[in-house]
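Scroll down for the structure; my scribbles are underneath it.
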Amino acid sequence: MTFEKPTFIALCYFLFTFGYIISTGFYHIGELAIILTTTAILVVFYFKPQVLNLLNIPSDRPSLIFLLAIILSVNIALVGARLGDPAQTNWQFFSAGSRILAASALLLALSFFLKNSPRSLIRWRLPVLIAIAIFIRIFSIISAPNPTIDVFYILRDGPKLLLDGKNPYELSYPAPYGVYIPTIIFVYGPLVPFLFLPASVLFNDPRYLLIASDLVSAFLIFKLAQKLHLEKNLANLIILIFLFHPLFPFMTEQSWLEPTITMLFTASTFFLAAHPKSSIGPLLLGSILAIKSVYILPILTYLKNIGARPFQYLITALVPIIISAPFFIANPSLFLERTQTYVTDPSAISRSLAPTEISLNIAAVILKYTKLVLPTIIISLFGTAVAIAVIVKKPKSLPFAVLSVFLVFITLFMFGPFVFLHYYAFMGNILLLTLILFLGKGHKIDS
């Protein structure tokens with residue numbers, strides 16, 4: 001087997017991640033240039049895979065393992081460099097422990113460079129690193145019991161209204177901090193209150209579901225690697241790269257729910273790889289739309305490019321419709337305002353959310369220097385044009401179908417009102433799935 005394509009995707013993942021990690025997802029024209037250049041290279045590769053013949057990309061297994069070990073080591077080193085936020089209420093107590101854990105993880109990661117590691121090290125390295133990733137996540141939650149971000153309160157308090165027989169979309173109270181958004185309102189899709197209710201009730205903290213989501217995703221990556229008969233060492237490195245995203249402690253602290261979307265997308269890809277014509281994959285894709293309906297274009301592109309049957313489109317559509325029905329019937333205007341109008345009006349977003357001018361995307365550059373807000377129709381046209389282009393290409397394998405989802409997402413995020421760290425992390429995870437699938441010898445799509 002040639003490792004040229006997986007090595008290329010791994011390199012793109014590395015460059016893409018570097019492009020937003022250094023800036024922490026905020027406006028820096030240099031980092032934006034890295035992201036756009038990496039995306040352009042991926043676009044050329046998608047339409048003309050033979051372009052790799054012109055590049056000096058190693059095609060052997062040792063080179064890929066070496067590159068993945070570098071990525072893992074750099075990721076963990078960046079994790080350690082970012083620890084110790086003084087704004088975290090309880091951080092002083094957990095700072096030393098988390099730093100020691102990160103340093104230990106880095107030493108273990110460096111052992112991947114050894115030719116002949118001790119058997120005991122090889123046996124325990126993966127579980128120990130996974131345990132470290134879990135503990136740092138838990139410490140990130142404990143150290144910041146009340147983070148200054150509205151998402152935490154939305155996910156904590158909105159689901160609890162279900163227990164009182166109330167509509168989560170009626171949630172509204174002054175934000176307990178004076179930045180960006182003055183009012184806490186529930187703006188996510190109808191599946192979210194049900195997903196986050198157990199964590200909110202049991203722990204009074206929705207972020208424990210995010211930890212669980214990451215662990216489920218890691219397990220699904222492991223199972224996908226098994227199904228595709230990936231070498232154990234390669235699979236372990238990819239799992240650890242996923243778990244040690246450079247800013248995962250900060251992302252966990254801030255309550256961003258992209259880990260849950262990543263879990264659903266990873267699960268759908270696993271089931272589509274195992275059973276392309278089953279209902280489970282589309283059901284999971286529909287669940288993503290029941291969290292963020294604005295992701296409909298990438299999801300439809302994915303279904304088209306895997307050759308989905310009509311009933312699979314139907315299942316994908318029915319999931320958000322059925323879950324939305326009770327909330328829509330209860331108060332249709334409120335439901336549509338919170339789930340559609342609030343998140344699809346770039347002008348309103350740019351007025352109420354200060355970081356739109358410093359977001360790491362093209363729309364922010366335009367807004368910053370011209371004060372022009374791109375209307376929704378323009379964003380939709382750009383996204384639709386890319387979706388049509390990647391569909392017309394007709395990918396013949398699942399990894400290219402997954403890569404097409406990345407290309408549609410990056411287009412929407414580049415021209416949308418804002419895109420921050422957690423969105424980029426989600427797209428990076430899509431690249432990791434693409435990498436795994438390429439290692440599985442292409443995984444053909446049935447015509």
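Not measured: the values here are computed from a predicted model.
Of the possible polar contacts, none joining the S255 side chain to the R207 backbone as a donor-acceptor pair under 3.5 Å is found. At distances below 3.5 Å, at least one donor-acceptor pair connects side-chain atoms of T316 with backbone N or O atoms of P282. For the pair S287 (side chain) and L283 (backbone), a donor-acceptor distance under 3.5 Å is present. Checked by atom type and distance alone, the side chain of S200 never pairs as donor or acceptor with a backbone atom of L197 at under 3.5 Å. Checking side-chain atoms of Q312 against main-chain N and O of P276 turns up a donor-acceptor pair under 3.5 Å. With D150 contributing its side chain and A175 its backbone, the two residues share no donor-acceptor pair below 3.5 Å.
Annotation: side chain of F18 is not in contact with side chain of I21 (no heavy-atom distance under 4.5 Å). Within the 4.5 Å cutoff, no side-chain heavy atoms of T269 are placed close to those of L272. Put simply, the side chain of L210 does not reach to within 4.5 Å of the side chain of R137, judged on heavy atoms. Contact check for R125 versus S117: side-chain heavy atoms found under the 4.5 Å cut-off. The side-chain heavy atoms of P176 and N146, taken from C-beta on, include no pair separated by under 4.5 Å. Side-chain contact between F400 and K5 is present, with at least one heavy-atom pair separated by less than 4.5 Å. At least one side-chain heavy atom of L67 sits less than 4.5 Å from a side-chain heavy atom of I71. Inter-residue side-chain proximity for L439 and L64 is flagged as met; some heavy-atom pair is nearer than 4.5 Å.
Using bins of under 30°, 30° to 60° and over 60° for the plane-to-plane angle, the ring pair F418/Y423 lands in the parallel bin. The aromatic rings of F222 and F219 sit tilted relative to each other, their planes meeting at an angle between 30° and 60°. Taking the six-membered ring for Trp and thresholds of 30 and 60 degrees, Y20 and F16 have ring planes more than 60 degrees apart, a perpendicular arrangement.
Across all non-hydrogen atoms, the minimal contact from A364 to S359 is CB-O, 3.0 Å. Between V408 and G383 the shortest heavy-atom distance is CG1-O, 4.4 Å. Taking both residues in full, the closest heavy atoms of P399 and L437 are given as CB-CB, 3.6 Å, listed atom of the first, atom of the second, then distance. Minimum interatomic distance between I291 and V192 (heavy atoms only, all atoms of both residues): CG2-CG2, 3.7 Å. Annotation for A401 and I306: closest pair CB-CG2, 4.0 Å, computed over non-hydrogen atoms. Between T384 and L297, the closest heavy-atom pair is N-CD2, 3.5 Å.
Annotation: side-chain contact (heavy atoms from CB on, under 4.5 Å) contacts of E231 (sequence neighbours excluded): R61, I65, N233, L234.
One distance of note links CD of E258 with CG of D214; it measures 11.5 Å at 0.5 Å rounding. The distance from atom CG of N236 to atom CG of L129, rounded to the nearest 0.5 Å, is 9.5 Å. Taken from OG in S98 to CD1 in I138, the straight-line distance is 10.5 Å, to the nearest 0.5 Å. In this structure, the separation between CZ on F244 and CD1 on I130 is 9.0 Å, given to the nearest 0.5 Å. Taken to the nearest 0.5 Å, the CZ atom of F139 stands 13.5 Å off from the OG1 atom of T252. We find the CD1-CG distance between I299 and L285 to be 5.0 Å, quoted to the nearest 0.5 Å.
Within a 6.0 Å sphere centred on NZ of K160, heavy atoms belonging to other residues, nucleotides or ligands number more than 12. The number of heavy atoms from other shown groups lying within 6.0 Å of CZ (F135) does not exceed 12. Counting non-hydrogen atoms of other residues, nucleotides and ligands closer than 6.0 Å to CD1 of I296 gives a total of 12 or fewer.
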Stepwise side-chain contact (heavy atoms from CB on, under 4.5 Å) check, L243 with F248: CA-CA 8 Å; L243 286 175; F248 79 81; over 6 Å; no

From CA spacing to verdict: side-chain contact (heavy atoms from CB on, under 4.5 Å), E253, F152: CA-CA 9 Å; E253 173 205 318; F152 170 78; over 6 Å; no

CA sep, side-chain torsions, deciding dist, call: L237, F112, side-chain contact (heavy atoms from CB on, under 4.5 Å): CA-CA 9 Å; L237 279 165; F112 279 101; 3.7 Å; yes

Candidate pair L432 and Y13, rule side-chain contact (heavy atoms from CB on, under 4.5 Å), full reasoning: CA-CA 7 Å; L432 284 180; Y13 170 86; 3.8 Å; yes

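Pairs passing the ring-ring contact (aromatic ring centres under 6.0 Å, His included) check and including a residue from residues 274-309, sequence neighbours excluded, read F265-Y302, Y295-F409.
Tested against W256 for a ring-ring contact (aromatic ring centres under 6.0 Å, His included), the candidates Y424, F426, F250 yield a single pass: F250.
If you check the side chains of N305 and K393, you find no donor sitting under 3.5 Å from an acceptor.
Taking the six-membered ring where the residue is Trp, the centroids of F66 and F113 are separated by under 6.0 Å.
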